[in-house]
Undergrad: 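A single structure is presented below for examination.
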Amino acid sequence: MHCVRMVTDNLYWVGANDHRLTLFENIHPIPKGVSYNAYLLLDEKTVLFDTVDWSACRQLLENIQYLLGDRPLDYLVINHMEPDHGASIEEILLRYPEVQVISTEKAFMLMRQFGFHLEGHGCIQVQEGDTFSFGSHKVTFIGAPMVHWPEAMVTFDSTNGALFSADAFGSFIALDGKLFADEVNFDRDWIDEARRYLTNIVGKYGPHIQLLLKKAGGILDQIKFICPLHGPVWRKDLGYFIDKYDKWSRYEPEVRGVLIVYASMYGNTEAAAQALAARLCEKGITDVALYDVSNTHVSYLIAETFKYSHVVLASVTYNLGIYPVMKNYLEDMKALNLQNRTFALIENGSWACKSGDLMQKFLEEEMKDMTVLNERLSLASSMLPDKAAELDKLADALAESLQEQN
Ligand code: FEO
């Protein structure tokens, strides 16, 4: 059964929702699913913008067939070749032997690497600023390298103002009937998953997103729809989401508050983390979030770390090193290029307390623009009453630092 929605005159969403996939990219949990968006334009020529994951190919084909009826598919525009969008290309080529493919040089190389058979199809290679007319709709191709792969581009339709933005402005969560961001309570129900998507999938390439935002800035007044490859289409309040993307890609925190992430084996380090959270709240700092690193998938921690200005890492010492799950979180932060945050440290060790020095060294020597506060809470096994003054000093230092940024 087809399942399509109209974006605007002659332009339709023909993608699919996926509630079966447990791990996106086989790494990131997606408990609320994900959508693979593709769009079909019915002009003098018919044009499919991107395809979907192989698991959703049948739905895509039914959607296209329903809208095309007896018409052929004339063009396939590929903005991004990662298989969650490009995997169904081969099936489109087989079903529509006359279809011509429009994409970048690198994308054509990737299509061949993935084993797609382009022989017999027109392959139109485009580059930055090239334009193309499908009848009444004229599009411009804009390079978006490393958002999120090197071949990526976005396509702007100057006739209806639709920006096919590839991975940019995407989000986790299946659409389930809704298509537009204004059909959901995005700020309440979607923003956390949008942040988790962006920071974990494309977070490393902040400068490249900035470059794309600069290019989009030049045509901002003409953009009426942002049509990403995941998540809802934006037709209202575009500035809200563009501003979020701007912040995330500049590695600027959204919230002045404290994220506390603890690694605790028997509950003693956790108790210190909880005591600190309570002290902060007593001081009026209530924007505090607390997570157990062992029980929270790192993709959630990364998203929260992008959100908050201050991060407290509380870790036991393990094999004379940083607790492995905490180390993995730190490595992920580094891999995703996170920078410009203020950290405070809580360390614990019953017989050789090393985790504080090691975490500080990692933050200062392996990451960019990270500040580590001088005050540190150092525990030998557990948080005893004699540590109350140290805890207070740490809470005061955080409060002062938060104030400085105001
Ligand atoms: Fe949703 Fe980079 O693919």
Side-chain angles (χ1 to χ4, degrees), residues 13-39 48-57 59-60 76-90 92 103-104 106-111 113-114 116 141-155 163-175 179 181 190 193-213 216 226-234 241 244-245 248-249 299 302-303 332 335-337:
W13 176 85
V14 290
N17 294 296
D18 190 346
H19 282 284
R20 293 190 173 195
L21 188 71
T22 314
L23 297 173
F24 188 79
E25 292 184 343
N26 215 9
I27 301 180
H28 311 290
I30 42 169
K32 296 176 183 173
V34 70
S35 71
Y36 311 115
N37 300 341
Y39 303 90
L48 176 64
F49 293 92
D50 294 291
T51 73
V52 296
D53 188 81
W54 178 242
S55 63
C57 184
Q59 184 68 64
L60 172 75
L76 170 61
V77 174
I78 294 297
N79 287 300
H80 185 23
M81 255 310 292
E82 192 167 8
D84 54 333
H85 312 292
S88 299
I89 291 174
E90 179 81 346
I92 295 293
S103 199
T104 61
K106 283 195 173 117
F108 281 116
M109 180 194 79
L110 289 168
M111 285 178 221
Q113 280 181 201
F114 279 109
F116 300 158
F141 304 105
I142 301 164
M146 303 318 298
V147 186
H148 138 232
W149 279 15
E151 89 301 352
M153 66 173 187
V154 303
T155 302
L163 176 70
F164 301 96
S165 63
D167 271 350
F169 304 107
S171 177
F172 290 143
I173 305 186
L175 292 167
L179 175 62
W190 282 68
E193 286 295 86
R195 185 187 303 105
R196 193 164 66 87
Y197 165 80
L198 184 276
T199 57
N200 285 278
I201 308 298
V202 202
K204 180 179 176 63
Y205 305 112
H208 299 85
I209 297 172
Q210 279 291 309
L211 206 62
L212 179 61
L213 289 176
I226 296 178
C227 303
L229 288 176
H230 303 286
V233 169
W234 290 79
F241 208 35
K244 294 287 184 193
Y245 258 69
W248 296 333
S249 57
S299 64
I302 289 294
D332 227 21
L336 291 165
N337 208 12

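A quick note: this is a predicted structure, and the numbers were derived from the prediction, not measured. Order of listing sets the numbers, starting from 1, for every ligand and every atom in it.
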Undergrad: Check this for me: Lys106, atom NZ, are more than 12 non-hydrogen atoms of other residues, nucleotides or ligands nearer than 6.0 Å?
TA: no
Undergrad: Closer than 2.8 Å to atom 1 (Fe) of ligand 1, what protein N/O/S atoms do you find?
TA: Asp84 OD2, His85 NE2, Asp167 OD1, His230 NE2
Undergrad: Is there a side chain to side chain donor-acceptor pair (under 3.5 Å) between His85 and Asp167 once you walk through the steps?
TA: CA-CA 10 Å; His85 312 292; Asp167 271 350; 3.3 Å; yes
Undergrad: Rounded to the nearest 0.5 Å, how far apart are OH of Tyr197 and CH2 of Trp190?
TA: 12.5 Å
Undergrad: Using distance alone, with no hydrogens and no angle criterion, decide if His208 and His148 have a side-chain donor and acceptor under 3.5 Å apart.
TA: no
Undergrad: Going by atom types alone, do Asn337 and Tyr205 pair a side-chain donor with an acceptor below 3.5 Å?
TA: no
Undergrad: Does the side chain of Ser249 come under 3.5 Å of the side chain of Gln210 through a donor N or O and an acceptor N or O?
TA: yes
